[in-house]
Amino acid sequence: MGKDRDKFRDPVHGFIEVSALERELIDSEPFQRLRNIKQLAMTYLVFHGAEHTRFGHSIGVMHMVTRAFESAVKNGKPDWTEAKIAFYRQLLRLIALTHDLGHAPFSHAAESVFPVGMEHEDFTRKIVLETEIRDIIDKIGDAFQKEYGSEYQITPELICDIYQGKNPGPNMEYIFLKSFMDSEMDCDKMDYLLRDALYCGVNYGKYDVERLISCLTVYQNDGFPRLAIRSGGVQAFEEFMLARYFMFVQVYFHRTRRFFDKMYFLALKEVLPGGTFPVDTREYLLWDDYRVWNLLREHVGTSGACDNIVHRKVYPRVFETKTHPSEADFRNFRIMRKIIYDKFGKDCFIEDCSADKMPHKIPIRTTPDDERAIIIIDETEGKISTISEESIIIKSLTEKINIQRIYLCDRSIFDEVTRHVQEYVCFD
C-alpha cells in the first residue's frame, strides 16, 4: 500500500480504497461524528443487529458510486477526455462521502424537530461550507487542478450544488452526475439496501448488485447524457426495486420500529433545549446518538416517552390498515378509531398515520424524452425504450404504501379494547 492510498475493510463491499486526501476528509471531526449516528435510528430495538452507522454507509456509497460511474462510462462511451472522466469521478466520490454529514442523532427519526425550514441536506451544506471539510475539499481541488488543468475546478460549493440540484448552469452534465446520487437507481439506495439487510439479518434488501452495475450505461439525449440500463439489466433493476419495496414494508415500516420513531419525536420535544436542534453549525455538530441517549436516560423519571425508549416498553398495536389500503379501508380505520376513542378515551391511544411511501417515482406512461424515465438500451436491436414499457413489475408497483396504526397506551384495558376491535371486524 503506497503512501497516497489507503483501504477500509467493509462488511458489505470488502476492501474500499481511498486517496490520502479523501482519508483526511474521513478522519475529520464532522465525518468521524457519523460513527455515532445510527443508520436506522432505533431499529436495533427490533432487529438487534441494526447498530450500523452513517459512517460505514457514506464510505460504502462512495465505493458504489465509483463503480457505477466507471461502468456507465465504459459501456456508454461518452465523448469525454480522460481528464473530464477523472473530474466527474472525483466529484461523485466527494458528494458520496459528504452527502450524510448533516444527519441528526438517530438519523431520519430526528428530522421532525429540525428548526423550521431546515432539512438534513441543509445542515450538510452548512457543514461542508463552514467547517474543516471546506479546507480539505479545497486541497483536493488544488491537487486535481495541478494534475489535470485549471478548467477542472473542484469546490465545496460545486459539491453541494450538484447534490442539491442547484445552479447546473451551462453544464447540464451535472444533472447526469446527480442521478448517481439522487434518482430511482441511485447509489445511496444501492448501498443502504444491502447494508441494512445485512445488519438487520434479513434477505429482503438483497439484489443482484453485480449485474445491475455491470449493465449501467449512458444514453445521449440531444447531446446531454442520461444514466440508463442495458436491456440485460432489466431483471436486476426489477429485483432492486422489489428489494426496496420489501425493506419498507418489512423493516422500515415495522410496527415496533415506527412506535419508537413516534416515542423519539415526543422525547426530543421534551429534552432538547427549545424542543429543537440548534441552527448553528458548530453547536449542531456536538449532537450525536450518545448525547441524546444520555438526555433520554436523565429524563426517564419525568418523561413517559424517554422511559419507553430507554427501558424498551412497547405499546401494543390494536388496529392497522392493510399495506395498500383502499378507500373502504381508510373508512373502516376512521370508524374503528371513533369507536374505541369514544369508549375508552382518546388519551389511551397513539396514532401513526405517516408510514407512507410510493414504491417508486417512475412514471408508468412515459417516453425516453421524459427526464424521469429509466432508459433501457437494447444494443443488439438498436432499440431505445423505458422500464415502464419493459417491466410489468414496475407497472404493478403503483399503489402507495400507506399503513395507518393505532397503539394502546394502557395495557390494563388491552383485552377489552381487543374485544371491541374484533367485534367490529367480525360485524364488518
Side-chain angles (χ1 to χ4, degrees), residues 33-34 36-46 50-51 53-54 100-124 126-127 252-320 337 340-341 344-357 402-411:
R33 169 181 171 268
L34 297 181
N36 302 325
I37 305 290
K38 286 186 175 60
Q39 173 85 358
L40 291 183
M42 295 184 178
T43 304
Y44 71 99
L45 295 176
V46 185
E51 297 192 350
T53 67
R54 293 280 160 179
D100 272 352
L101 287 176
H103 269 293
F106 294 101
S107 297
H108 289 292
E111 294 182 7
S112 53
V113 294
F114 272 173
V116 176
M118 295 286 289
E119 297 179 344
H120 81 265
E121 291 88 354
D122 299 306
F123 279 109
T124 293
K126 285 164 63 66
I127 292 167
Y252 306 144
F253 288 164
H254 187 283
R255 62 182 181 275
T256 307
R257 181 248 162 91
R258 292 290 305 179
F259 169 77
F260 282 116
D261 281 355
K262 196 82 173 178
M263 289 297 105
Y264 186 53
F265 164 72
L266 296 174
L268 288 179
K269 296 290 287 184
E270 296 174 344
V271 305
L272 289 178
T276 186
F277 288 104
V279 175
D280 180 78
T281 304
R282 298 291 177 181
E283 292 183 18
Y284 181 76
L285 285 171
L286 297 176
W287 288 91
D288 62 16
D289 290 5
Y290 292 103
R291 183 176 181 183
V292 167
W293 187 261
N294 286 333
L295 272 179
L296 299 181
R297 290 180 62 87
E298 290 173 10
H299 288 79
V300 161
T302 58
S303 166
C306 293
D307 184 51
N308 288 338
I309 294 170
V310 172
H311 294 120
R312 201 189 179 280
K313 296 179 179 178
V314 184
Y315 295 166
R317 173 207 55 185
V318 293
F319 192 71
E320 73 176 20
R337 179 175 58 191
I340 59 177
Y341 282 14
F344 301 99
K346 182 178 180 180
D347 291 342
C348 290
F349 303 92
I350 288 179
E351 287 182 43
D352 176 21
C353 295
S354 58
D356 61 332
K357 189 80 175 181
N402 195 348
I403 307 170
Q404 302 194 354
R405 296 185 174 109
I406 300 175
Y407 299 87
L408 176 64
C409 305
D410 185 354
R411 283 185 173 272

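Since this is a predicted model, take the numbers as computed values, not measurements.
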>> Quick one, Tyr252 with Lys357, criterion side chain to side chain contact (heavy atoms under 4.5 Å, CB included). Give me CA distance, side-chain angles, the key distance, then yes/no.
In response: CA-CA 11 Å; Tyr252 306 144; Lys357 189 80 175 181; over 6 Å; no
>> As a quick check of understanding, evaluate side chain to side chain contact (heavy atoms under 4.5 Å, CB included) for Arg312 and Thr256, giving each step before the final call.
In response: CA-CA 10 Å; Arg312 201 189 179 280; Thr256 307; 4.0 Å; yes
> salt bridge (Lys or Arg N to Asp or Glu O under 4.0 Å) between Glu320 and Arg255: does it pass, once the steps are laid out?
Replying inline: CA-CA 9 Å; Glu320 73 176 20; Arg255 62 182 181 275; over 6 Å; no
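Put simply, CG on Leu101 and CZ on Arg33 are 8.5 Å apart, with the number rounded to the nearest 0.5 Å. The line from OG1 of Thr53 to CG of Leu40 is 10.5 Å long, rounded to the nearest 0.5 Å. With values rounded to the nearest 0.5 angstrom, His311 atom NE2 is found 11.0 Å from Cys306 atom SG. Atom CD of Glu111 sits about 6.0 Å away from atom NE2 of His103, to the nearest 0.5 Å. In this structure, CG in Asn308 is found 4.5 Å from CZ in Phe259, a value given to the nearest 0.5 Å. Lys126 contributes atom NZ, which lies 3.5 Å from atom OG1 of Thr281 (distance to the nearest 0.5 angstrom).
Residues that satisfy the ring-ring contact (aromatic ring centres under 6.0 Å, His included) test with Tyr44, not counting sequence neighbours, are absent from this structure. Residues that satisfy the side chain to side chain donor-acceptor pair (under 3.5 Å) test with Lys313, not counting sequence neighbours, are Asp307. Residues passing the side chain to side chain donor-acceptor pair (under 3.5 Å) test with Gln404: none are found, sequence neighbours excluded.
For the salt bridge (charged side-chain N to carboxylate O under 4.0 Å, His left out) test with Glu351, the passing option among Arg337, Lys346, Arg405, Arg317 is Arg337; the others fail. The only member of Tyr407, Tyr315, Tyr341, Phe319 that meets ring-ring contact (aromatic ring centres under 6.0 Å, His included) when paired with Phe349 is Tyr341.
In this structure, Asp289 contributes its side chain and Lys38 its backbone to a donor-acceptor pair below 3.5 Å. Not a single donor-acceptor pair under 3.5 Å links the side chain of Arg54 to the backbone N or O of Ser107.
Taking 4.5 Å as the limit, some side-chain heavy atom of Leu268 sits within range of a side-chain heavy atom of Val292. Proximity of Phe123 to Pro115: side-chain heavy atoms (C-beta onward) are separated by under 4.5 Å at one or more points. The side-chain heavy atoms of Asp347 and Cys409, taken from C-beta on, include no pair separated by under 4.5 Å.
Contact between Ala104 and Ala110 at its shortest, heavy atoms only, is CB-CB, 3.7 Å. Counting all heavy atoms, side chain and backbone alike, Leu296 lies closest to Met42 at CD1-CE, 4.1 Å.
Screening residues 260-280 for ring-ring contact (aromatic ring centres under 6.0 Å, His included), with sequence neighbours left out, gives Phe106-Tyr264, Phe277-Trp287. Legend: salt bridge (Lys or Arg N to Asp or Glu O under 4.0 Å) pairs involving residues 258-269, not counting sequence neighbours, sorted by first then second residue: Arg257-Asp261, Arg258-Asp352. Among residue pairs with one or both ends in residues 290-306, those qualifying as side-chain hydrogen bond (donor to acceptor under 3.5 Å, both in side chains) are Glu270-Ser303; sequence neighbours excluded.
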